[in-house]
Amino acid sequence: MTAETLKKKLDETGYIYDDTLITTLLVALKLGRPLLIEGAAGVGKTEVAKVMAYALGRELVRLQCYEGLDESKAIYEWNYQKQLLSIQVGMGGKAEKDGADTAELTRSLFSEDYLLERPLLKSIRSEKPVVLLIDEIDKADEEFEAFLLELLSELQVSIPEIGTIKARSVPFVVLTSNRARPLSEALRRRCAYLYIKYPDIEKEVAIIKAKMPNADDRLALAVAQAVHDLRENENILKKPSIAETLDWVAALEALGEPDLTPEVLQKTAGFILKNEEDIAELGTAAGSCGCTEHSDGTVCEGHGAPGHHCGHHHH
Amino acid sequence: MDNSIYLSKIAEFIRLLSEEGFSVGTKEAEDACKVLEMTGFEDRETVRAALKAICAKSQAELSVFDRTFDHFFVSAEQKLANLKKALKEQQELEERRRQAEEELARDRQFLHPDDEMIGGYAELPEEEKERLRKLLGKFRDNAERNPKLYEGFIRSVFMRSIMEQQLMMEDSELGVQELDPEIGLLFRDISQINDSEMPRAVAMIQRVTRQINGELSAKKKASAASKGALDFKRTIRKGLETGGSFMRLKYKRRRSKRRRLVLLCDVSGSMIQFSEFALRFIKAMSDVSESSQTFLFSEDMVEVDPFALQDMDQFVSYVRKTGLYGKGTDLGTALEKLCAAKPAVLGPQTTLLIVSDAKTVKLDSAQQSLLRANQLAGDVVWLNPIPQRKWSRLKSVQTMSLLCRMVPCSTLSELARECRKLALG
């Protein structure tokens, strides 16, 4: 795949990209390496896997990581209940009298009939190559990373009762991390790396326009500016994500608010900030600005703490 | 274009990255060559992005990568400008050395200027040179009459001045290195973090502790979820629901042993900012904080009311109220009181964490008390804000580091690493 083809495909999905992202994706594809994407929550890490599934015309297999995730939930598990039932059926029937059948039954208990495929195994046993998304790998514990290493480097899974299962097709693997904990060096070494920052104002406006083509240009810019300022504000604990920006624009459009005045900002703060302290901080920041109306679009600088803008008057 | 010329450059670049501490080797060089054959070398930014994807593996490495890349792959104009700059700097340096040599030659009889002294003297700021010149003027007559008596003294004043200047330059270099302000603050000497940077530093501490708490929580869940031995009792009881068949197997859970942490923080003069940072880290780590007890000391020691530390922004005013602020350091008295406390504070399940620069009065009594604390507590860890390279010059640090595990924590990054170790065990 060339850069131009990939760009064209991403354009079709409405994903806003830059040249670094395109080059990194091509590098990962060319080398057949997994792509590790880090960045704050809500910057579009997971979306990369989704758009790549579309661009490559592959199925997306997703593994959501969480604390305590182990190989039985991620790779494979024996269907214990089914095995138990088979034993009971076998014991009740003729197998009881026939030693050979009992041995056969024991062997069959660890065959593929009783194997429950989980996302990782499914992704390598698929006839057609897939895009495998291992989401929020930082939430899983370190032991799980060790399981992943074999899969990512050798493209195979070892099941003690069956043996080694080799990949039928090579998946394009995307790992995402919010950096809740540092990942091991071994895992990092096997991956191509991409760090996604929060978008700048221009890019955020482009995202809003791509996802909501009917949104008012002026409102999109004001929202992007306000969100940018909130992210710059160090007192805001939970920085707004891109999804929240889109929700906010949708809410403002639904309310029919053409301007982002301090009143509107306070009224709709719940769409962009998700805890009480942050909303209180927004009140302080907007309050310290001291402005009530700026219908003429004037810029008021020099009041309020740096980076604390009410967001409606910077277009 | 013959790409093989560039490929050898790539190998050289990978070697440079490796020297910068990147975990890269032959595999990365091979991958880089493969990819660059595809992308070509025409566009500098594409080459940068491709190499970055292969070689940089964390956010901290990104800025180091960019710096190394910009130094290695310079444009022709930049190369010329760098060359001119380097030439000019070299000429200036030679001129300064020549002047220093001339100046010191006059007193060579008792000063014995060698290369190290001339080079160091040439780099001294003008006011420092002036101070040394005055010193020479004052002692010259005597020194010329009796060079043997004075040469040791005058030489030592010169060399000390030169060494101090070199140390200052080492410290200032830490600031120059940072390209990414967010990451840079983590690696800056804590004593150089100024008031205006405090909110950023506090936000960074919160972020790092959130990471540590995430790890702690994951570790706890993982150990709870990890299947220990089969719990027969619970399995049989559960099996009764399914007519005696063991459809659901039950496993035993592991119990984690929690260690108690006792913090002894030096809040005398220059230590207050470091202690504040250390306490912010430790208090924000939920598990550690729950089972910890904090004591502050300078000339005396007081136990901290846990509620008083809930708002760390009020820490300095709290220390002022305790009457410890602005006094000297007496570690011996503090440790003595801690060991004698009733009910006992230190025990085999306790880790004593001392946060201090070890600049204490009554070193002997401090030594004795530390030995006693070592016997009572399960473990003693000392977080020292003085960079390790300066330890050899401080007698108290050398002595104390022999008696317990002393860890250099001059930067937020080092402090975070040690707190993480404490929390995760």
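We name chains A, B, ... by the order of the sequence lines, and we start the count at 1 in each one.
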Within a radius of less than 6.0 Å around [atom1] of [X], do more than 12 heavy atoms belonging to other residues, nucleotides or ligands occur?
X	atom1	value
Lys274(A)	NZ	yes
Arg248(B)	CZ	no
Gln81(A)	CD	yes
Lys238(B)	NZ	no
Phe72(B)	CZ	yes

*Using non-hydrogen atoms and a 4.5 Å limit, figure out which bit of Leu84(A) sits close to chain B: side chain, backbone, both or neither.*
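Contact with chain B involves the side chain of Leu84(A) alone.
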
*Contact class of Glu185(A) relative to chain B, heavy atoms under 4.5 angstrom*: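 For Glu185(A), the side chain is the part near chain B, not the backbone.
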
Which heavy-atom pair separates [X] from [Y] by the least distance, and what is that distance?
X	Y	result
Ala49(B)	Thr24(A)	O-OG1, 4.3 Å
Tyr195(A)	Gln59(B)	OH-NE2, 3.3 Å
Ser23(B)	Arg189(A)	OG-CD, 3.2 Å

*When you measure from the side chain of Lys57(B) to the backbone N and O of Leu187(A), does any donor-acceptor pair fall under 3.5 Å?*
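Checked: no pair found.
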
*Tell me, out of Leu69(A), Leu36(A), Leu31(A), Leu26(A), who's got the most heavy-atom pairs with chain B below 4.5 Å.*
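Ranked by heavy-atom pairs under 4.5 Å with chain B, first place is Leu31(A).
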
*Identify which part of Thr242(B) has an atom lying under 4.5 Å from any heavy atom of chain A, answering side chain, backbone, both or neither.*
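When you check distances to chain A, no heavy atom of Thr242(B) falls under 4.5 Å.
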
*Is there a side-chain contact between Ile54(B) and Tyr193(A), using heavy atoms and a 4.5 Å cut-off?*
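The answer is no; the side chains never approach within 4.5 Å.
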
*Sole candidate of Asp31(B), Leu51(B), Val35(B) that passes side chain to side chain contact (heavy atoms under 4.5 Å, CB included) when paired with Val27(A)*: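 Among Asp31(B), Leu51(B), Val35(B), the one meeting side chain to side chain contact (heavy atoms under 4.5 Å, CB included) with Val27(A) is Val35(B).
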
*Greatest number of heavy atom pairs closer than 4.5 Å to chain A - which of Lys27(B), Arg48(B), Lys52(B), Met38(B)*: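 The option with the most such pairs is Met38(B).
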
_Inter-residue atom distance Arg188(A).CZ - Glu61(B).CD, 0.5 Å rounding_ =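 Here the interatomic distance stands at 8.0 Å.
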
